[in-house]
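What follows is a short report on a single structure.
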Amino acid sequence: FYEGLGDNSLQKHGKGYVGPLEIKDEENYYLVKKVIVGFDSKEITANVRKSILKVSVDDDKGKSSEVLSLRIDNDSIDVTKISSNLKNGILKIKLPKSENSKTVKISVD
């Protein structure tokens, strides 16, 4: 993964604020958490194109501003099953691991 913003402080974006990024490696998925305060879900756009996950917020005038850019490996992530939700100013994006990236136990005889 590549973190597009490396600062841990809150930064003003239009009517709200954008803050730290956290990525957790869970057993079956990666969990991306980004602080996005002062926006509702209709003002946030998230998409994946050419192995880049991008998140943007709309400012007061409806102009989009990118707040997150992550490079993802399409062989490791099942992009068709990515989900997200916004709650209490935290955007959570769940990136399910593809079968190719899961650990397979091999028995040794």
Side-chain angles (χ1 to χ4, degrees):
F1 288 109
Y2 171 75
E3 183 180 342
L5 297 173
D7 193 347
N8 285 335
S9 63
L10 287 177
Q11 298 175 350
K12 180 80 169 143
H13 277 272
K15 68 177 189 170
Y17 293 87
V18 177
L21 170 71
E22 179 182 356
I23 301 173
K24 289 188 177 183
D25 184 353
E26 303 290 346
E27 185 175 342
N28 294 316
Y29 59 90
Y30 296 100
L31 181 62
V32 177
K33 293 165 72 175
K34 180 74 175 169
V35 175
I36 300 180
V37 179
F39 298 93
D40 65 34
S41 60
K42 294 176 184 119
E43 299 168 312
I44 299 172
T45 304
N47 59 53
V48 174
R49 182 170 183 236
K50 295 185 178 183
S51 301
I52 305 289
L53 168 67
K54 290 187 178 186
V55 176
S56 301
V57 295
D58 292 340
D59 67 13
D60 304 4
K61 298 172 185 161
K63 184 180 176 196
S64 186
S65 175
E66 187 176 297
V67 295
L68 173 65
S69 180
L70 291 174
R71 182 173 305 280
I72 60 174
D73 181 357
N74 287 342
D75 291 331
S76 299
I77 304 296
D78 186 346
V79 295
T80 64
K81 296 182 179 174
I82 295 173
S83 61
S84 67
N85 74 325
L86 178 68
K87 185 175 181 181
N88 297 325
I90 305 291
L91 175 65
K92 293 181 183 178
I93 303 173
K94 197 175 196 179
L95 305 171
K97 294 179 181 178
S98 69
E99 292 300 317
N100 295 338
S101 69
K102 293 182 182 173
T103 302
V104 177
K105 187 171 181 174
I106 301 171
S107 64
V108 178
D109 297 328

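For the numbers below, each heavy atom of this structure counts, side chains included, while hydrogens, waters and symmetry mates do not. When a residue number appears, it is its place in the shown sequence, counting from 1.
- Listed for the Lys34 side chain is no donor-acceptor partner under 3.5 Å among the backbone atoms of Glu22.
- In this structure Leu31 satisfies the side-chain contact (heavy atoms from CB on, under 4.5 Å) test together with Lys24, Tyr29, Lys33, Lys92, sequence neighbours excluded.
- Between Leu68 and Leu91, the closest side-chain pair of non-hydrogen atoms is not below 4.5 Å.
- A side chain to side chain donor-acceptor pair (under 3.5 Å) check over residues 78-89, counting only residues at least two apart or in different chains, returns the pairs Asp78-Thr80.
- For Asp25, the salt bridge (Lys or Arg N to Asp or Glu O under 4.0 Å) test picks out Lys97, with sequence neighbours left out.
- Within a 6.0 Å radius of NZ in Lys12, more than 12 heavy atoms belonging to other residues, nucleotides or ligands are found.
- A search for side-chain hydrogen bond (donor to acceptor under 3.5 Å, both in side chains) contacts involving Ser76 returns Asp73, not counting sequence neighbours.
- The CG atom of Leu53 sits 9.5 Å away from the CD1 atom of Ile77 when rounded to the nearest 0.5 Å.
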Listed pairs under 3.5 Å, donor-acceptor, residues 37-50 side chains, sequence neighbours left out:
{"from": "Asp40", "atom 1": "OD1", "to": "Lys42", "atom 2": "N", "distance (Å)": "3.0"}
{"from": "Asp40", "atom 1": "OD1", "to": "Glu43", "atom 2": "N", "distance (Å)": "3.3"}
{"from": "Glu43", "atom 1": "OE1", "to": "Lys15", "atom 2": "NZ", "distance (Å)": "3.1"}
{"from": "Glu43", "atom 1": "OE1", "to": "Asp40", "atom 2": "N", "distance (Å)": "2.9"}
{"from": "Glu43", "atom 1": "OE2", "to": "Lys15", "atom 2": "NZ", "distance (Å)": "2.8"}

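- Remark: Lys94 engages no residue in a salt bridge (Lys or Arg N to Asp or Glu O under 4.0 Å) (not counting sequence neighbours).
- Residues Ile52 and Ser69 form a side-chain contact, since some pair of their non-hydrogen atoms from C-beta on lies under 4.5 Å apart.
- Hydrophobic clustering places Val79 together with Val55 (ILVMFWY residues linked when any side-chain heavy atoms are closer than 4.5 Å, directly or through intermediates).
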